[in-house]
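See below for the structure under consideration.
These numbers come from the heavy atoms of this one structure, side chains and all, not from hydrogens, waters or symmetry mates. What you see is a predicted model, and the numbers here were worked out from it, not measured in a lab.
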Amino acid sequence: MSAFVLPLAALAAILLAVGAVGFGAAVALVPRGTAWRADRLAWGFGAGLAILAGSVALAFSMRAAPGWLPFLVLATVVVSLARVLRIRERAHPAPVRRLSAASKVLFAILIAGIALYAARALTEPMWANDFVAVWGFKGKTFFFERAVPERLFRWLSLGFSHPEYPVGLPFLYAGIAFLLGRWDDHAMALLFPFLQAATLLALFGWLRRRGASRELAFGAAGLLSFFEPLYRAFTTGMAEVPLSFGLLLLGTSVCDRLDRTDRGASRRVAVASVICTATKNEGLYFVAVALVLAAIFSLAQRGFAARAAAMLALPAALVVGAHRLLRGSLPLRDFDFSLLVQPGALAPRVKESIAVAVAETPVAAWLGVAALAALLLAGRDSTAGNRLLVLAACGFAAYLLLPALSVRGPAWLVGTAFFRTVAGLAPLVVAGTGARLIPLWPEPAGSSPDAASGSARGPAASAASPGPPILSTQGS
Amino acid sequence: MSGRRLSALTASAVLFLLFLLQNRPSEVLRRVRVLQATASRELALRRLAGSGAAFDRAYFVFLESARRLVPAGTPGVAISVEQPTTTALYLASYVFAPVPVLLSPRQVPPRWIAAVYGARQPVGWREIAAIPGGALYARP
C-alpha cells in the first residue's frame, strides 16, 4: 500500500499546509468570528491554492526553481500583507444551538458524498483525456522543464494541448509536484475532493450567513456533494471542478458586495475574479457577465459601479495581461467567430446545438430539471438567489450556444463538452435555489449569524432582499 | 407543514434519489477493490491498470518502456503506430512529457529518435533497443 499511501499522506499534508497559509491570508478577505468560519476555510483554501500557483509563476519569472522556498517566501509576504489589511470587523458568535437530529443526518449525507467522490477520484492516476492532453500535460511539462517552454504555444503539433487555455491549473499541478518533490498524478487527485469540500464549505457558509437554518445549509451542501455529473472520476483532473468552486466564490462574493455585507466583499470579488480567469477561458466570460449583472442589479443602489466593477475587471485584466506576456495573443482555435456575422449560417447551427443537447439529455436529467423547477417554485423570491441563478443561466446559455460556433460542428462539441461544463454550474444553482428556500427554513430567531452580528434586518429578509448586515468593529 | 415546504421537501427527495441512483454502489465497490489491488504497485503499473491505458494496455507498456530507455538529452521522440489516433497521441505526449512527441510524422526531425510500435523496421535507421511491443531506433 505504501507506494500510494505515503505520497497520498504527503499530498494531504501539503494541501493542509497550503490551506493553512490561505487561512492566514483570508483575514484580509473575511471578517473574524464563528459566523464566518466556513467561509474563511473555503476562501482560505482558494487563496492558498492561488498563492501556490502564483509562487510557481513568480519563480519561473525570476528563473528560480519553484518549491517550498518560493512558496514560503510568497506566503510570508501575502500573509503579512493580509495581517496589515485584515478586516477588523467581527461577527459576534451566534448562540450555540445543539445539532438537531435532521442536521446530524444531513451532515452524515454530506460526509458520505465527499467520501464517495474521494473513492472515485482516488481509484487510479488521473486519466481523463483533457487531463492527459491539456492540464496534466502542461503541468508535467512545467515541472520537469522547470520553466514554461515556448514550444507549448508555438508548435502546431502541440495544438491538441490548447495553448490558448489559461495556465493557472497547470501551474497549480506543477506547484503541488514541486512541493511533493515528484510528479505523482495519482496522489495529486486528492486535490479534487479537497476542492469539493471547499466548495461545500463556501456554500454552507454563505447560506448560513444569509439566514438559512443549519438544516437547509447542510441539506443543500449534502445534495451537491452527491452530484455525480460534476464529482466523478472522469472530471477529476479537468478544470470543471476548480472552475465550479471559483464560480461559486465569484457569484457569492458579488452578491455580498452588492448587499454590502462586510468590508471584505470587494476583496473577495477580486480574488474570485483571478481564480476564475486563471482557470478556464470561460472564467473571463463569467467575470464579464457578473460585471454586467452587478451593474444591472445595482441600478437602484448607489456606489457600486466604480469600485465593484474595478474589483471584477482589474484582476481579470491582470491575469489576461500576464497570459499575453507569457504566450502572446492566441486565437480560440476551436471556434469560428466569423459565424456571428453570418446569421444565415449561424441559425441552423444554433438549432442543431439545441436539438443535439435535447436529444442527448437522459430521462433522469429531465426528471432532475423538473424537481429543480419545483424547488425553485416552492421557494420565495430572493434577490441574492436570483443573481446567482441568472449568472448560472447565462453560463448555461453560453455552453448551449457556443457549440454553434465550433469548427468541428455543433454536435461534436455538445457531445464532448456540453454536459460536463454545464455540471460545473451546479454549485451556483444550488446556492441560488437555497437562497430562495431560506424563508421556508430560516435560522430560528436570535441564533442567526447575521442576527447575532447586529443586523437590523431579519436573516430571511437579508437573503430575500439586499440589505447590509452590520458587523461590529470591535477588536482588531 | 406548509404546502411550499412539502413541495420543496418532495422535490429535494426526488433530486437526492436521482443523485443517489447515479452513485452505483457496485461501481464504488469495484473502485475500492481496484485500489486495494493496485495500491502497492509503482505509479506506472497503477496507470497501466487504469482507465487511461484501457484502449490498448500493450501500447502503454510500450510507451513506458520506451520512456525509460530514451537517452538523456533526446530532443524528441517520433512514435510510429499503424493506426494513429488522438488517444494514442495524448497518452504518448503525456507519458514522455516534457520530451516532445510526434505521432507517425511524415518526417522525423533531426536528432530525434523513433519508437516503433509493432514489428516494422524503418529503413535506414538502426535499432538501439528492443522494447515490449516494438523497438527504439536512431539515425546511423
Tell me if the CZ atom of Arg120(B) is crowded by more than 12 foreign heavy atoms within 6.0 Å. yes
Which atoms of Arg151(A) come close to chain B, meaning under 4.5 Å heavy atom to heavy atom: side chain ones, backbone ones, both, or neither? side chain
Test Leu43(B) against Asp185(A) for side-chain contact (heavy atoms from CB on, under 4.5 Å), laying out the working first. CA-CA 8 Å; Leu43(B) 185 57; Asp185(A) 50 19; 3.6 Å; yes
Heavy-atom cut-off 4.5 Å, strictly under: side chain, backbone, both or neither for Leu376(A) against chain B? neither
Near Glu150(A) CD, under 6.0 Å, is it more than 12 heavy atoms from other residues, nucleotides or ligands? no
Region of Leu437(A) in contact with chain B, defined by heavy-atom distances below 4.5 Å: side chain
Specify the closest pair of heavy atoms between Trp127(A) and Arg47(B), including all atoms of both residues, with the distance to one decimal. CA-NH1, 4.1 Å
Show the nearest heavy-atom pair for residues Arg41(B) and Ala3(A), with the distance to one decimal. O-CB, 3.3 Å
Is atom CZ of Phe16(B) surrounded by more than 12 heavy atoms (other residues, nucleotides or ligands) closer than 6.0 Å? yes
Hey, does Arg120(A) have a side-chain heavy atom less than 4.5 Å from the side chain of Asn23(B)? yes
Leading residue by heavy atom contact count with chain B [cutoff under 4.5 Å; candidates Val132(A), Leu116(A), Leu8(A)]: Val132(A)
Heavy-atom cut-off 4.5 Å, strictly under: side chain, backbone, both or neither for Leu102(B) against chain A? side chain
Could you check which of Pro229(A), Pro149(A), Ser161(A), Gly222(A) has the highest count of heavy-atom pairs closer than 4.5 Å to chain B? Pro229(A)
To the nearest 0.5 Å, tell me how far Asp130(A) CG sits from Tyr90(B) OH. 8.0 Å
Please output the residues of residues 50-85 of chain B in contact with chain A, using a heavy-atom cutoff of under 4.5 Å, in numerical order. Gly50(B), Ser51(B), Gly52(B)
To the nearest 0.5 Å, what is the distance between CG on Leu440(A) and OG on Ser2(B)? 5.5 Å
Please round to the nearest 0.5 Å and tell me the distance separating atom CG of Leu122(A) and atom CG of Leu35(B). 7.5 Å
To the nearest 0.5 angstrom, please state how far the CZ atom of Phe227(A) sits from the CD atom of Gln22(B). 7.0 Å
Which atoms of Leu375(A) are under 4.5 Å from chain B, going by heavy atoms: the side chain, the backbone, both sets, or neither? both
How about Thr123(A) and Thr38(B): do any of their side-chain heavy atoms sit closer than 4.5 Å? no
Over all atoms of both residues, closest heavy-atom pair of Ser12(B) and Leu223(A): O-CD1, 4.1 Å
Got a second to check how far Arg436(A)'s CZ is from Arg4(B)'s CZ, nearest 0.5 Å? 8.5 Å
Do any of residues 152-160 of chain A have a heavy atom less than 4.5 Å from a heavy atom of chain B, and if so, which, in residue order? Trp155(A), Ser157(A), Phe160(A)
Nearest heavy-atom pair of Leu15(B) and Ala371(A): which atoms, and what distance? CG-CB, 3.7 Å
Does the side chain of Glu124(A) reach to within under 4.5 Å of the side chain of Arg31(B), using non-hydrogen atoms? yes
Could you tell me if the side chain of Phe131(A) sits less than 4.5 Å from the side chain of Tyr94(B), heavy atoms only? yes
Would you mind telling me which of Val14(B), Leu18(B), Leu89(B) has the largest number of heavy-atom pairs within less than 4.5 Å of chain A? Leu18(B)
Winner by heavy-atom pair count (cut-off under 4.5 Å) against chain B, out of Ala233(A), Ala119(A), Ala133(A), Pro125(A): Pro125(A)
Between Arg232(A), Glu145(A), Arg380(A), which residue shows the highest count of heavy-atom pairs closer than 4.5 Å to chain B? Arg380(A)
